[in-house]
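A quick note: this is a predicted structure, and the numbers were derived from the prediction, not measured. What's counted below: heavy atoms across the whole structure, side chains too, no hydrogens, waters or symmetry copies. Here is the naming used below: chain letters follow the sequence lines, and residue numbers restart at 1 for every chain.
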There are 2 protein chains.
Amino acid sequence: MSTERRAPLDRKRVADTALKLLNEVGLDGLTLRTIARELDVKAPALYWHFKDKQALLDEMATEMYRRMVAGTPLDAGDTWQERLLTSNRALRTELLGYRDGAKVFSGSRFTGLEHAGQMEESLRLFTAAGFTLAQAVRATSTTYLYTLGFVTEEQGVEPLPGERREGFDVAERARLMADFPLSAEAGAELFRDYGRHFEEGLALVVSGIEVRYGVA
Amino acid sequence: MSTERRAPLDRKRVADTALKLLNEVGLDGLTLRTIARELDVKAPALYWHFKDKQALLDEMATEMYRRMVAGTPLDAGDTWQERLLTSNRALRTELLGYRDGAKVFSGSRFTGLEHAGQMEESLRLFTAAGFTLAQAVRATSTTYLYTLGFVTEEQGVEPLPGERREGFDVAERARLMADFPLSAEAGAELFRDYGRHFEEGLALVVSGIEVRYGVA
DNA sequence: CCATTCTCCTTAACGCTGTTAAATTCCGCT
DNA sequence: AGCGGAATTTAACAGCGTTAAGGAGAATGG
């Protein structure tokens with residue numbers, strides 16, 4: 001008889017499993033009972049490791065951030081523009097890696113202070129490039145907030161890359177908007193080719209920082 | 001005996017009541033039973049008017065948009081910069097008018113096509129100013145997505161203007177981040193003075209559009 | 001070596017949620 | 001008077017996050 005004792009849970013294993021499940025069931029379907037079942041445990045066991053479900057979501061967001069950092073080698077010799085592009089592309093990619101990734105991420109707060117290292121390094125790079133601290137914060141956080149907003153909307157239409165939520169037929173939309181020709185035509189621009197559009201918006205923000213803070 | 005018959009519900013009255021309640025109980029506390037009670041009705045009655053809760057949330061978002069438009073007189077003679085500033089300030093103000101306003105708004109889709117009028121007018125203004133349609137869409141939606149991202153984060157810290165969520169003491173945060181001096185100091189910049197920071201980010205985006213699309 | 005303590009988990013239950021099915025009430029129409 | 005549809009209620013269901021109480025097993029210590 002298998003007297004194998006399952007290794008005890010820990011926060012990381014729970015968060016990892018929850019993130020894996022997230023892609024299959026989405027945020028609405030991600031219940032404590034589902035997560036527990038996958039871990040071969042009953043739901044209340046999770047309360048030993050997390051004070052409530054939000055704390056678990058926070059850990060999931062933190063883990064997403066960790067993975068993003070781990071998967072994004074940053075060159076300390078980057079120009080600030082390169083840094084801004086690289087880190088925001090990485091953020092988008094990471095968020096797109098999970099169904100409802102942006103919602104989970106932006107609805108949570110990091111556990112611990114692990115993110116501070118990365119943040120410090122970025123602020124150092126920006127101030128070294130001639131930004132005041134206030135400008136550095138404005139530059140990075142404006143870009144960050146754009147990315148978050150972008151991916152949130154993007155995932156509202158495409159929950160996972162290539163997978164389309166119903167009711168977003170571009171042609172159908174254009175037909176309905178026959179009386180608004182510009183808006184109708186804009187549909188293609190709005191609901192397709194997210195990658196390209198993200199880049200374009202990102203470039204707009206970067207250009208704004210260049211010109212307004214005079215640090216080309 | 002009061003044989004007064006309550007006027008039958010309609011989508012607008014339900015959405016209005018739900019929006020009023022939203023400020024008192026927040027998105028998590030906004031249940032169909034609460035809304036129904038306020039309308040002097042039982043919860044299943046709402047299903048006569050909405051196919052499910054999301055449809056009600058969609059109507060709420062649409063109503064928010066209607067109110068924003070109604071409360072924001074737009075001058076057809078605006079420069080595109082003025083239009084961008086005015087409409088995004090209006091959006092932020094409207095979203096801040098409701099607890100979890102940004103979450104409700106960005107998690108929903110408009111019912112109907114009422115928003116198309118406003119959109120058409122904006123696109124007309126931008127193309128008349130020399131933008132291509134693609135540029136006009138990129139300019140307006142990048143700004144829009146920034147605003148959405150901004151207010152979402154803002155309301156994560158200040159659910160309603162002047163009302164602070166716990167665990168966001170700037171001084172406490174600075175103490176914890178003693179090893180990361182720039183990040184610590186950035187706290188003040190990040191979690192205070194949202195109005196000013198919003199304006200600054202908005203200005204960055206507008207500048208970027210100016211320089212990159214060469215339409216000053 | 002036994003007793004105690006601590007860690008981690010289970011069983012059982014609670015109140016609440018969104019939602020459905022069926023019955024009911026009320027109004028306008030013929 | 002009676003029918004039909006609109007609008008609502010009553011009753012119920014499965015599932016949710018969460019809590020309380022208890023139990024098994026390892027670790028500790030006298």
(request) Using atom CG of Leu30(A) as one end and atom C1' of dG15(D) as the other, report the distance to the nearest whole Å. (result) 15 Å
(request) Could you tell me the separation between the CG atom of Leu39(A) and the P atom of dC9(C), rounded to a whole number of Å? (result) 9 Å
(message) Assess whether a salt bridge exists between Glu63(A) and Arg67(A), defined as any Lys/Arg side-chain N lying under 4.0 Å from an Asp/Glu carboxylate O.
(response) yes
(request) Send over the distance from Lys51(B) NZ to dG18(C) P, rounded to a whole Å. (result) 15 Å
(message) Strictly below 4.0 Å: does His49(B) bring a side-chain N or O up to OP1 or OP2 of dA6(D)?
(response) no
(request) May I ask you to decide whether Asp16(B) forms a salt bridge with Lys20(B), counting only side-chain N to carboxylate O separations under 4.0 Å? (result) no
(message) Heavy atoms from C-beta onward define the side chain here; which of dT10(C), dG17(D), dC9(C) lies closest to that of Leu32(A)?
(response) dG17(D)
(message) Does this structure show an ion pair linking Glu172(B) with Arg175(B), if we count only N-O contacts that are shorter than 4.0 Å?
(response) yes
(request) Rounded to the nearest angstrom, tell me the gap between atom CG in Leu46(B) and atom C1' in dT9(D). (result) 12 Å
(request) Test for a donor-acceptor pair under 3.5 Å between the base of dG17(D) and the side chain of Arg33(A), counting only N and O atoms. (result) yes
(message) In whole Å, I'd like the distance from the CG atom of Leu27(A) to the P atom of dG17(D).
(response) 10 Å
(message) Between Lys53(A) and dG17(D), is there a contact of a side-chain N or O with OP1 or OP2 at under 4.0 Å?
(response) yes
(request) Write down the distance between OH (Tyr47(A)) and P (dC16(D)), rounded to a whole number of angstrom. (result) 12 Å
(request) Hey, which sits more toward the 5' end of DNA chain D by its nearest nucleotide, Gly29(A) or Ala45(B)? (result) Ala45(B)
(request) Could you check how far CG of Asp10(A) sits from P of dC9(C), rounded to whole Å? (result) 10 Å
(message) Expressed as a whole number of angstroms, how long is the span from Phe50(B):CZ to dT20(C):P?
(response) 15 Å
(message) Is it true that Asn88(B) and Thr147(B) share a donor-acceptor pair across their side chains at a distance under 3.5 Å?
(response) yes
(request) Select base, sugar-phosphate, or nothing to describe what Pro44(A) touches, counting heavy atoms under 4.0 Å on all strands. (result) base
(request) Report yes if at least one side-chain N or O of Trp48(B) is closer than 4.0 Å to OP1 or OP2 of dA7(D); otherwise report no. (result) yes
(request) Indicate yes or no: does Arg138(A) engage Glu199(B) in a salt bridge with an N to O separation below 4.0 Å. (result) no
